[in-house]
Amino acid sequence: MLQLQVIREEKDNIIKALKKRNIDAESMLNGVLLLDEKRRATQTRLDNILAESNKLSKEIGMLFKSGKAQEANALKEKTSTLKDESKQLGEDLANTAEELQSLLYQIPNVPHHLVPAGCSEEDNEEVFKEGDIPKLVDNALPHWELAKKYDIIDFELGVKIAGAGFPVYKGKGARLQRALISYFLDKNTNAGYTEMQVPHLVNEASGYGTGQLPDKEGQMYHVTADDLYLIPTAEVPVTNIFRDTILQESDFPIQYTGYTPCFRREAGSYGAHVRGLNRLHQFDKVEIVRVEHPNNSYDALDAMVEHVKDILRDLKLPYRILRLCGGDLGFTSALTYDFEVFSTAQDRWLEISSVSNFETYQANRLKLRYKDENGKSQLAHTLNGSSLALPRVLAGILENYQTEKGIQIPEVLVPYCGFDLID
RNA sequence: GGAGAAAUGGCAGAGUGGUCGAAUGCGGCAGUCUUGAAAACUGUUGAGGGUCACACCUCCGGGGGUUCGAAUCCCUCUUUCUCCGCCA
């Protein structure tokens with residue numbers, strides 16, 4: 001959520017920057033400013049009435065104490081009109097505040113100046129590319145065929161138990177999955193991230209805190225009996241650790257990592273691009289989250305990008321990094337780098353990580369602040385990234401590491417797997 | 001799931017209708033003393049709105065109610081603790 005004060009001061013710049021998202025925000029922002037003014041005016045009137053009535057109440061108290069009941073009762077009558085007025089104004093205020101709030105929820109984050117304008121993923125900007133695309137055997141297979149051939153992932157079995165998009169990993173497939181999780185977590189903790197295990201269901205307030213609610217509730221599984229949501233990413237529970245928190249400057253940097261399954265309804269997805277592991281309702285992901293001083297958040301973003309690069313180098317997977325354009329940028333993000341692994345057998349790039357700086361956008365919703373050197377509260381910056389999302393990494397490994405003898409295991413994973421070949 | 005108790009500032013803990021945004025202690029910060037530190041002493045120390053700055057307003061788990069006036073009384077929800085039951 002954007003800060004009101006910033007909208008007041010930099011409306012024109014915000015409008016300009018939001019054009020990169022192909023949004024004309026002018027009328028929305030004007031609406032915000034109008035409501036803001038109305039809210040403050042109402043608040044002032046209400047405050048004055050409350051002040052008056054507080055004063056009278058005190059006087060009444062004094063009069064009763066000194067035995068002047070008659071005068072006190074006379075004053076009581078005066079307060080009743082004030083009471084009516086304040087009740088009315090209180091309702092007005094609540095309505096205006098709610099209207100203002102819901103309008104603010106509709107405005108996405110302001111893109112960073114590096115974000116290119118653009119409409120779709122076509123316009124994302126490739127900023128880095130590394131790793132050799134392997135020469136595969138003739139008749140190389142896509143991962144869903146390999147999964148079947150080596151009996152390591154059973155999609156049909158998942159359909160039977162839960163539905164499409166809930167695969168069952170078997171034998172060496174399951175072990176490889178677990179190996180990846182352990183390896184990612186070790187890699188992250190060695191880089192200074194503290195490992196956290198967090199709930200896989202969250203309440204409504206947490207959904208609002210990181211921005212999944214109110215707009216994207218259709219993407220989350222909602223447990224209505226208890227009004228809880230299955231997490232679509234560890235970002236939600238981990239970042240919400242800091243909801244309603246005031247940090248000291250000395251608390252920075254905060255670096256957390258966590259493994260969780262992720263649940264996404266993915267309503268409306270279909271076709272070849274969702275085959276196999278490409279898009280699932282349940283998948284595993286290891287996430288990194290940082291809370292930073294505003295002065296340091298872009299250095300932190302760079303560090304996160306370098307960290308993910310390092311992992312992909314370890315795995316020896318060919319990848320590229322895209323800077324997302326305004327049209328593809330997530331609602332809450334100011335700047336996002338997507339990592340994509342090249343899937344040789346599918347001849348396409350698969351997104352395996354998304355690393356973002358949200359600046360104060362989430363912090364404002366979370367009320368995540370720190371005390372600056374003058375002792376004043378300021379909003380912190382939040383960042384997160386996948387390191388990494390499992391299924392597509394697995395797809396990339398299966399496809400890129402296939403040989404005539406079987407699927408080789410990347411060297412760094414062999415100690416975690418206990419085998420070096422799936423055959 | 002059943003019975004009982006409780007929820008107050010960073011923490012501990014007073015406060016049962018007006019003078020309470022809230023005693024006191026600890027912690028934090030600043031100062032005095034000291035070569036420096038510790039101890040001791042003095043002062044200061046919640047959040048939000050509002051204002052050029054004050055004033056002023058709101059917040060004592062959440063929501064609602066009674067009252068001229070609520071941390072304090074009533075209703076409701078949530079959470080925590082104790083006992084019982086069930087259980088990985």
Side-chain angles (χ1 to χ4, degrees), chain A residues 1-9 32-101 103-104 197-209 213 222-229 237 240-252 254 261 291 360 362-380:
Chain A
M1 192 164 63
L2 297 180
Q3 297 168 80
L4 266 173
Q5 205 192 332
V6 176
I7 295 178
R8 276 184 222 149
E9 287 165 7
V32 165
L33 291 180
L34 213 67
L35 282 170
D36 176 43
E37 232 167 85
K38 189 175 163 197
R39 202 216 89 231
R40 278 185 292 164
T42 312
Q43 176 94 63
T44 305
R45 283 173 61 203
L46 176 61
D47 284 356
N48 288 337
I49 286 167
L50 289 176
E52 178 72 22
S53 117
N54 285 344
K55 221 169 88 185
L56 286 177
S57 291
K58 270 181 195 162
E59 279 176 37
I60 291 170
M62 305 277 249
L63 289 172
F64 272 125
K65 247 184 195 166
S66 51
K68 298 172 183 164
Q70 208 159 19
E71 288 178 48
N73 284 323
L75 276 184
K76 271 196 195 181
E77 311 229 329
K78 259 176 101 176
T79 59
S80 74
T81 44
L82 287 177
K83 219 179 164 186
D84 291 342
E85 276 182 78
S86 73
K87 199 170 174 192
Q88 183 58 50
L89 279 172
E91 278 169 26
D92 289 354
L93 184 66
N95 290 336
T96 308
E98 202 187 312
E99 232 180 299
L100 178 59
Q101 180 78 291
L103 194 51
L104 280 171
Q197 285 195 9
V198 291
H200 299 169
L201 282 84
V202 294
N203 56 28
E204 195 178 50
S206 293
Y208 274 94
L213 296 175
H222 188 191
V223 182
T224 50
D226 297 290
D227 203 16
L228 295 170
Y229 295 86
N240 269 284
I241 289 172
F242 297 98
R243 177 152 45 84
D244 288 320
T245 299
I246 300 180
L247 301 164
Q248 300 302 315
E249 281 195 328
S250 57
D251 293 331
F252 296 126
I254 290 166
V291 179
T360 59
Q362 289 183 327
N364 194 28
R365 289 193 178 190
L366 292 161
K367 294 199 179 69
L368 163 52
R369 293 150 293 172
Y370 68 94
K371 291 270 185 209
D372 69 13
E373 64 270 21
N374 302 317
K376 285 192 68 176
S377 294
Q378 306 287 352
L379 292 175

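Chain letters run A, B, ... following the sequence lines, proteins first and then strands; every chain starts at 1. Just the heavy atoms: all of them, side chains too, but no hydrogens, waters or symmetry mates, feed the values below. Since the model is a prediction, treat every value here as computed from it, not as a measurement.
The interatomic distance linking A/Leu89 (CG) with B/G50 (P) rounds to 17 Å, in whole Å. Whole-Å rounding puts the A/Asp244 CG to B/G61 P distance at 15 Å. Between A/Lys376 atom NZ and B/G48 atom C1' the separation is 13 Å, expressed in whole Å. The distance from atom CD of A/Gln378 to atom P of B/G48 is 10 Å, rounded to the nearest whole Å. As a whole-Å value, the separation of A/Asn203 CG from B/G62 C1' is 13 Å. Between A/Gln5 atom CD and B/U51 atom P the separation is 11 Å, expressed in whole Å. In this structure, the CG atom of A/Leu93 is 11 Å from the P atom of B/G50, given to the nearest Å. The distance between atom CD of A/Glu37 and atom P of B/G50, rounded to the nearest whole Å, is 12 Å.
Both distances falling under 3.5 Å, in either a Watson-Crick or a G-U wobble arrangement, occur for no nucleotide opposite B/A71. Nucleotide B/U32 forms a Watson-Crick or G-U wobble pair with B/A40, both donor-acceptor distances falling under 3.5 Å. Across all strands shown, B/C57 is found opposite B/G48 as a Watson-Crick or G-U wobble partner, with both distances under 3.5 Å. With a cut-off of 3.5 Å on both Watson-Crick or G-U wobble distances, the partner of B/A3 is given as B/U82. Base pairing of B/C87 is not made with any nucleotide, judged by Watson-Crick or G-U wobble geometry with both donor-acceptor distances under 3.5 Å. Across all strands shown, B/A23 has no partner, as no Watson-Crick or G-U wobble contact with both distances under 3.5 Å is found.
OP1 or OP2 of B/G49 has not a single side-chain nitrogen or oxygen of A/Arg39 nearer than 4.0 Å.
Side-chain contact check for A/Ser57 and A/Asn54: no donor-acceptor pair (N or O, by modelled atom type) lies under 3.5 Å. Donor-acceptor pairing under 3.5 Å is recorded for the side chains of A/Asp92 and A/Gln88.
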Protein-nucleotides 56-60 of chain B N/O pairs under 3.5 Å:
unit_1, atom_1, unit_2, atom_2, d
B/C57, OP1, A/Asn54, ND2, 3.1
B/C57, O2', A/Asp47, OD1, 2.8

If you restrict it to nitrogen or oxygen atoms, what contacts under 3.5 Å exist between nucleotides 65-70 of chain B and the protein, and what is each distance?
unit_1, atom_1, unit_2, atom_2, d
B/C68, O2', A/Ser57, OG, 3.2
B/G69, O4', A/Ser57, OG, 3.3

Set out, line by line, the N/O atom pairs under 3.5 Å between protein and nucleotides 43-47 of chain B.
unit_1, atom_1, unit_2, atom_2, d
B/A47, OP1, A/Lys371, NZ, 2.2
B/A47, O3', A/Arg369, NH1, 3.2

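For the pair A/His200 and A/Pro261, the minimum side-chain heavy-atom distance is below 4.5 Å. The shortest side-chain heavy-atom distance between A/Gln362 and A/Leu368 does not fall under the 4.5 Å cut-off. Residues A/Leu33 and A/Ile7 meet the side-chain proximity criterion, which asks for heavy atoms closer than 4.5 Å. At a threshold of 4.5 Å between non-hydrogen side-chain atoms, the residues A/His222 and A/Asp227 count as touching. Side-chain atoms of A/Val291 and A/Ile241, non-hydrogen and from C-beta on, never get closer than 4.5 Å to each other. In this structure, the side chains of A/Leu247 and A/Ile254 come closer than 4.5 Å at one or more pairs of heavy atoms.
Annotation for A/Phe252 and A/Ala380: closest pair CZ-CB, 4.1 Å, computed over non-hydrogen atoms. Listed here is the closest heavy atom pair of A/Glu52 and A/Leu82: CG-CD1, 3.5 Å.
When the P atom is compared between B/A55 and B/U67, the two are found 33 Å apart, to the nearest whole Å. When the P atom is used for both B/U42 and B/G10, the distance is 25 Å, rounded to whole Å. With both ends at atom P, the span from B/A70 to B/C60 equals 11 Å, rounded to whole Å. Here, B/U82 and B/G43 have their P atoms 41 Å apart, quoted to the whole Å. If you take atom C1' in B/A47 and the same atom in B/G61, they sit 15 Å apart, rounded to whole Å. B/A14 and B/U32 are spaced 32 Å apart, taking the C1' atom of each and rounding to whole Å. Rounded to a whole angstrom, the distance from the C1' atom of B/G9 to that of B/U24 is 13 Å. A distance of about 47 Å separates the P atoms of B/A39 and B/U78, rounded to the whole Å.
Residue A/Arg45 is out of contact with every strand shown, counting any heavy-atom pair closer than 4.0 Å.
A/Thr245 contributes a side-chain N or O that, together with a main-chain N or O of A/Arg243, makes up a donor-acceptor pair within less than 3.5 Å.
Taking a cutoff of 4.0 Å between a charged side-chain nitrogen and a carboxylate oxygen, A/Lys87 and A/Asp84 do not qualify as a salt bridge.
Remark: A/Arg45 CZ is loosely packed, at most 12 non-hydrogen atoms of other residues, nucleotides or ligands lying under 6.0 Å away.
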